[in-house]
Trainee: 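Okay, handing you the structure first.
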There are 2 protein chains.
Amino acid sequence: MRPSKRDELVQKAEKIFYRDGFHATGMDRLVAETGISKTTMFKHFHSKDELILATLRRKDETFRNRMHKHLAEAGGEPREQLLAVFDVLTDWFAQADFCGCMFIKAASEYPVHDDPIAVQAREHKRLVLLDLQQLARAAGAGDAAGLARQLMLLIEGAIVAKHMGYSEAPDADAKAAAEVLIMAA
Amino acid sequence: MRPSKRDELVQKAEKIFYRDGFHATGMDRLVAETGISKTTMFKHFHSKDELILATLRRKDETFRNRMHKHLAEAGGEPREQLLAVFDVLTDWFAQADFCGCMFIKAASEYPVHDDPIAVQAREHKRLVLLDLQQLARAAGAGDAAGLARQLMLLIEGAIVAKHMGYSEAPDADAKAAAEVLIMAA
DNA sequence: TCTAATATGTACCGATCTGTACATATTGCA
DNA sequence: TGCAATATGTACAGATCGGTACATATTAGA
């Protein structure tokens with residue numbers, strides 16, 4: 001199996017879905033923008049929804065991998081790592097193609113609770129929250145799960161605030177708030 | 001001008017767009033679900049986008065009015081009012097038809113920055129933030145704007161967390177974090 | 001009751017939607 | 001070189017998209 005074409009499709013589709021939305025992006029436009037024929041697309045994925053699922057899986061992988069690498073570079077102190085999460089945000093927000101969280105968008109566009117796309121989006125958030133919880137536990141927080149949930153609120157809030165553009169540097173605000181919450185925990 | 005039919009349309013369309021999304025909801029389905037003829041719809045609004053804008057304006061009005069009323073009932077203490085904001089969330093989340101924030105959804109589905117729909121969505125968030133800032137100033141916070149932005153992060157985060165369902169009671173988490181942040185401010 | 005405004009039903013337009021059929025190129029490998 | 005897998009182009013199906021034309025029905029006010 002040489003999956004290069006398939007991977008190329010998933011990678012390009014991910015960017016387009018992320019930028020333009022899921023329902024607003026038709027298969028014909030994917031053909032035009034990726035240069036990959038529609039026949040090939042439907043040979044690799046039996047439906048648009050399956051392709052979307054693949055892009056979400058890829059996004060989850062690359063996102064969490066990047067986060068883990070960034071945290072590893074932040075040094076061994078667990079408390080430093082907890083704060084470094086917000087530097088990941090700063091990095092992300094500085095990217096030219098930033099336009100919010102793909103999983104929040106997916107959950108918005110696929111409101112049916114059992115829809116595989118909605119399930120996949122939730123799963124990503126669950127995994128990120130789990131990562132935070134492990135960090136909080138390592139940092140010796142009394143209520144690690146609670147602290148993780150609170151920091152998660154700040155992260156989600158910063159993503160939304162940045163996306164909607166009503167706040168200049170929500171990552172800095174979030175980090176400042178996080179410092180207070182970590183101290184209090 | 002007897003705008004009853006128009007208002008009825010906006011009210012019903014708001015619920016449908018909120019529940020099912022904007023691109024995923026066609027005018028034909030609006031006709032089927034509202035019982036209002038397509039001719040009438042396009043007589044009141046010259047395009048689907050204009051109808052969407054009207055639903056967003058309505059949602060902003062009703063949402064902020066409800067919030068102000070709730071805050072007014074919370075008592076005169078500004079610090080109490082700041083915390084009461086999170087009781088508004090608790091109320092909202094308990095509603096059976098809760099499915100996230102309509103403005104976040106709108107911003108997600110209309111990524112072009114200048115799109116009137118995106119502008120309208122941002123405007124709602126700006127107004128809410130402004131309300132928070134006034135409360136924070138009345139509560140005597142040193143950096144009222146900064147505290148307001150931090151509380152806004154918690155609010156957005158709680159909405160997203162509740163919507164995506166990876167957290168049981170994000171409103172309670174947000175309120176607990178808010179108490180800490182308000183004390184520290 | 002007459003009139004003017006408003007609402008309806010139906011049928012349609014061209015464009016786009018997801019998805020398929022099928023015949024032709026292109027590629028990787030032995 | 002030759003074979004098999006993979007990719008392509010075109011053309012299309014059936015449904016739905018936003019939006020309009022137009023003739024009829026309902027309503028409200030003088």
Side-chain angles (χ1 to χ4, degrees), chain A residues 1-57 105-106 108-112 114-118 120, chain B residues 1-57 105-106 108-112 114-118 120:
Chain A
M1 287 187 196
R2 282 293 300 110
S4 99
K5 208 73 184 180
R6 181 192 173 109
D7 286 358
E8 181 193 346
L9 169 57
V10 175
Q11 174 197 341
K12 290 181 175 174
E14 179 205 303
K15 290 194 179 183
I16 299 171
F17 281 137
Y18 174 54
R19 175 175 20 102
D20 299 336
F22 300 98
H23 287 104
T25 302
M27 298 302 286
D28 287 325
R29 184 124 64 81
L30 286 185
V31 172
E33 285 202 39
T34 65
I36 296 170
S37 71
K38 204 194 284 195
T39 318
T40 300
M41 290 184 183
F42 279 98
K43 198 154 288 178
H44 285 300
F45 304 97
H46 302 110
S47 69
K48 182 186 178 182
D49 278 13
E50 278 191 25
L51 174 57
I52 292 176
L53 277 176
T55 67
L56 290 180
R57 277 190 294 265
K105 290 181 173 189
S108 292
E109 289 207 45
Y110 296 86
V112 176
D114 304 3
D115 191 308
I117 294 178
Q120 183 83 15
Chain B
M1 288 189 194
R2 284 288 301 111
S4 98
K5 207 73 184 181
R6 180 192 174 109
D7 286 357
E8 181 192 347
L9 169 58
V10 175
Q11 175 196 342
K12 290 182 175 174
E14 179 205 303
K15 289 194 179 184
I16 298 170
F17 282 136
Y18 173 55
R19 172 170 29 97
D20 300 336
F22 301 98
H23 286 103
T25 303
M27 298 302 287
D28 286 324
R29 184 123 65 82
L30 287 184
V31 171
E33 285 202 38
T34 65
I36 296 170
S37 71
K38 204 194 281 196
T39 317
T40 300
M41 290 184 183
F42 280 98
K43 198 154 286 177
H44 286 298
F45 303 97
H46 303 110
S47 69
K48 181 187 178 182
D49 279 13
E50 278 191 25
L51 174 57
I52 291 176
L53 277 175
T55 65
L56 289 180
R57 277 190 295 267
K105 290 180 172 189
S108 291
E109 287 205 47
Y110 296 86
V112 176
D114 303 7
D115 192 308
I117 294 177
Q120 182 84 15

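Residue numbering restarts at 1 for every chain, and letters A, B, ... go by the order of the sequence lines. This structure is a prediction, so every number in the text was calculated from the model and none was measured.
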Trainee: 5'-most contact on DNA chain C: K43(A) or H23(A), nearest heavy atom basis?
Mentor: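 This one resolves to H23(A).
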
Trainee: Of T25(A) and T40(B), whose nearest nucleotide on DNA chain C comes first from the 5' end?
Mentor: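 Its nucleotide being nearer the 5' end, the pick is T40(B).
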
Trainee: Can you tell me the distance, in whole Å, between the CD1 atom of I36(B) and the P atom of dG19(D)?
Mentor: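 My rounded result for the distance is 17 Å.
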
Trainee: At under 4.0 Å, does any side-chain N or O of K5(A) touch on OP1 or OP2 of dA7(D)?
Mentor: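 Checking dA7(D) against K5(A), no side-chain N or O comes under 4.0 Å of OP1 or OP2.
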
Trainee: Taking E109(A) for the side chain and G21(A) for the main chain, is one N or O donor matched with an acceptor at less than 3.5 Å?
Mentor: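 A pair under 3.5 Å: no.
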
Trainee: Quick one, K12(B) with E33(B), criterion side-chain contact (heavy atoms from CB on, under 4.5 Å). Give me CA distance, side-chain angles, the key distance, then yes/no.
Mentor: CA-CA 8 Å; K12(B) 290 182 175 174; E33(B) 285 202 38; over 6 Å; no

Trainee: Measure the acute angle between the ring planes of F22(B) and Y110(B), then classify it against the limits of 30° and 60° as parallel, tilted or perpendicular.
Mentor: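 The arrangement is perpendicular - the two ring planes meet at more than 60°.
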
Trainee: Expressed in angstrom and rounded to an integer, what is the separation of L30(A) atom CG from dT16(C) atom C1'?
Mentor: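 Nearest whole value for this atom pair: 14 Å.
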
Trainee: Donor-acceptor pair, K38(B) side chain versus D28(B) backbone, under 3.5 Å?
Mentor: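 Between the backbone of D28(B) and the side chain of K38(B) there is no qualifying donor-acceptor contact (under 3.5 Å).
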
Trainee: Under the 3.5 Å rule, do the base of dG19(C) and the side chain of K38(A) count as making a donor-acceptor pair?
Mentor: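 For K38(A), whose side chain was compared with the base of dG19(C), there is a donor-acceptor pair (under 3.5 Å).
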
Trainee: Quickly work out the R29(A) CZ to dA15(C) C1' distance and round it to whole Å.
Mentor: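 Distance check: R29(A) CZ to dA15(C) C1' gives 14 Å.
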
Trainee: To the nearest angstrom, how far is E8(A) atom CD from dT6(D) atom C1'?
Mentor: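 About 14 Å, once rounded to whole Å.
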
Trainee: Which whole-number value in Å describes the distance from D28(B) CG to dT10(C) C1'?
Mentor: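 That distance rounds to 12 Å.
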
Trainee: What about T39(A): does its side chain form a donor-acceptor pair under 3.5 Å with the base of dG9(D)?
Mentor: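 Per atom types, the contact qualifies.
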
Trainee: Just the rounded figure in Å: distance from P of dC17(D) to CG of D49(B).
Mentor: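 Checked: the CG to P distance equals 15 Å.
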
Trainee: State whether H44(A) places a side-chain N or O below 4.0 Å from either non-bridging phosphate oxygen (OP1 or OP2) of dA7(D).
Mentor: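 Answer yes for this pair, as a side-chain N or O of H44(A) is under 4.0 Å from OP1 or OP2.
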
Trainee: Quickly work out the F45(A) CZ to dT6(D) P distance and round it to whole Å.
Mentor: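 Computing the F45(A):CZ to dT6(D):P distance gives 14 Å.
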
Trainee: May I ask you to decide if H44(A)'s main-chain N or O and K5(A)'s side chain share a donor-acceptor pair within less than 3.5 Å?
Mentor: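 No, because the side chain of K5(A) does not come within donor-acceptor range (under 3.5 Å) of the backbone of H44(A).
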
Trainee: Let me know the distance between CD1 of I52(A) and C1' of dC17(C), rounded to the nearest Å.
Mentor: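 Spelled out: CD1 on I52(A) to C1' on dC17(C) is 13 Å.
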
